[in-house]
2 protein chains.
Amino acid sequence: MVKRFSAKRNMIREALLELDHPTASDVYDYIRKEYPNISLGTVYRNLSEMAEDGEILRLSMSNSPDRFDFNTEDHYHVVCTECGHILDTGEGLDAKLLSDLDRAVEASTGLFVKSRYLLFYGICRECMKKDSGKE
Amino acid sequence: MVKRFSAKRNMIREALLELDHPTASDVYDYIRKEYPNISLGTVYRNLSEMAEDGEILRLSMSNSPDRFDFNTEDHYHVVCTECGHILDTGEGLDAKLLSDLDRAVEASTGLFVKSRYLLFYGICRECMKKDSGKE
DNA sequence: ATCCTTAATAGTAATCATTATCGTTATTGT
DNA sequence: ACAATAACGATAATGATTACTATTAAGGAT
């Protein structure tokens, strides 16, 4: 199936650059401000295809809609449990640590590790400041 | 809200012991074989409450329904991308490796890590044997 | 520049997982 | 036994996502 040029797909790319780990509906809302005639289905279809093609990443968070990331470099995500903000780890998350972890998992399970999905939860800097006053 | 005895909840506990990381509907089907009058809503409600209470774990896999784990010990999960089988890591997944990883993430993001969700993908032993014949 | 094939779209229906509602049932303390 | 209300079954509702269908529009061939 040969890919054709699509203005909508480019708008979606632009939205991904502009927004921070947006959901499909974030992207939809963003584009709709300028071009109210885009369809939510189009957003979902394009995001899914782009993720399928490896052009973007799909992040599945528990209990909330999937999010998408234009950054396909090897990196991971952290979620602030206070404000919900999602941050990227720098892409050089110590490769040795990760491969040691893979080896440990392999030793423990017998499964040959091909990839991993890591998500960290905690308190971000901003919320730490905000919270230090109260409690 | 004081918890009362519930025969259905005990059936759900039993199903969790019997089945391997089941979804809510796996549990429902399992119990229904013996007690066809159980309601799917009851299964969902109990599983959610038990997970909320920390009696069991809720695992959210991407693109598939949540799964539940009676084992609340500190451990992680690996998924075989061939057969879909979910395996537990032994619970002693080198605490030092994990805390080193936390520190690396903290250094990279500024977020103070409180917990993590780790999922590994790969090929399990059985599928490795099966596959070694072909290709 | 026009024609053809079919990718892409808008609009909407359908599906899937999950939660909420509500009238009834059943546990447990009095 | 009785009253208060947790738990239940049945089913409606919600939210996220995918599927369907008729229409539009890339872009290569004529």
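All of these numbers come straight from a predicted model, not from anything done at the bench. Chain identifiers are assigned alphabetically (A, B, ...) following the order of the sequence lines, protein sequences preceding nucleic acid strands; residue numbering begins at 1 within each chain.
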Gap between atoms CG and C1', on B:L59 and C:dA17 respectively (whole Å): 16 Å

B:T42 and B:R45 side chains, donor-acceptor separation under 3.5 Å: yes

Phosphate OP1/OP2 of C:dT18: any B:Y44 side-chain N/O under 4.0 Å: yes

Phosphate contact (C:dA17 OP1 or OP2) by B:S25 side-chain N/O below 4.0 Å: no

5'-most by nearest nucleotide on DNA chain C - B:A24 or B:R4: B:A24

Sugar-phosphate only, base, or nothing, as touched by B:T23 at under 4.0 Å among non-hydrogen atoms: nothing

A:T89 (side chain) donor-acceptor with A:Y76 (main chain) under 3.5 angstrom: yes

First encountered from the 5' end of DNA chain C, between A:P36 and A:R9: A:R9

Ionic contact status for B:D29 with B:R32, cut-off 4.0 Å: yes

N/O donor-acceptor pair under 3.5 Å between A:S48 side chain and A:Y44 backbone: yes

Closest-nucleotide 5' rank along DNA chain D - winner of B:M1 and A:S64: B:M1

A:S6 vs A:D66, nearer the 5' end of DNA chain D by closest nucleotide: A:D66

Between P of C:dA8 and CZ of A:R13, the distance in whole Å: 11 Å

Nucleotide C:dT25, atom P - distance to CG of B:N37 in whole Å: 13 Å

side-chain N/O A:R45 vs C:dA8 OP1/OP2, d < 4.0 Å: no

Side-chain N or O of A:N46 closer than 4.0 Å to phosphate OP1/OP2 of C:dT9: yes

Donor-acceptor side-chain pairing of B:D26 and B:T23 below 3.5 angstrom: yes

Whole angstrom value for the distance that separates P of C:dA14 from CG of A:L40: 17 Å

Under 3.5 Å donor-acceptor, B:N71 side chain and B:E73 backbone: yes

A:Y28 OH - C:dT9 P separation (whole Å): 14 Å

Rounded interatomic separation in angstrom, taking NZ from B:K3 and C1' from C:dA26: 16 Å

5' to 3' contact window, DNA chain D with chain B (heavy-atom distance under 4.0 Å): D:dA4 to D:dA10

Atom pair CZ/CE of A:R58 and A:M50 - distance to nearest 0.5 Å: 12.0 Å

Whole-Å distance separating the CD1 atom of A:I31 from the P atom of C:dT9: 10 Å

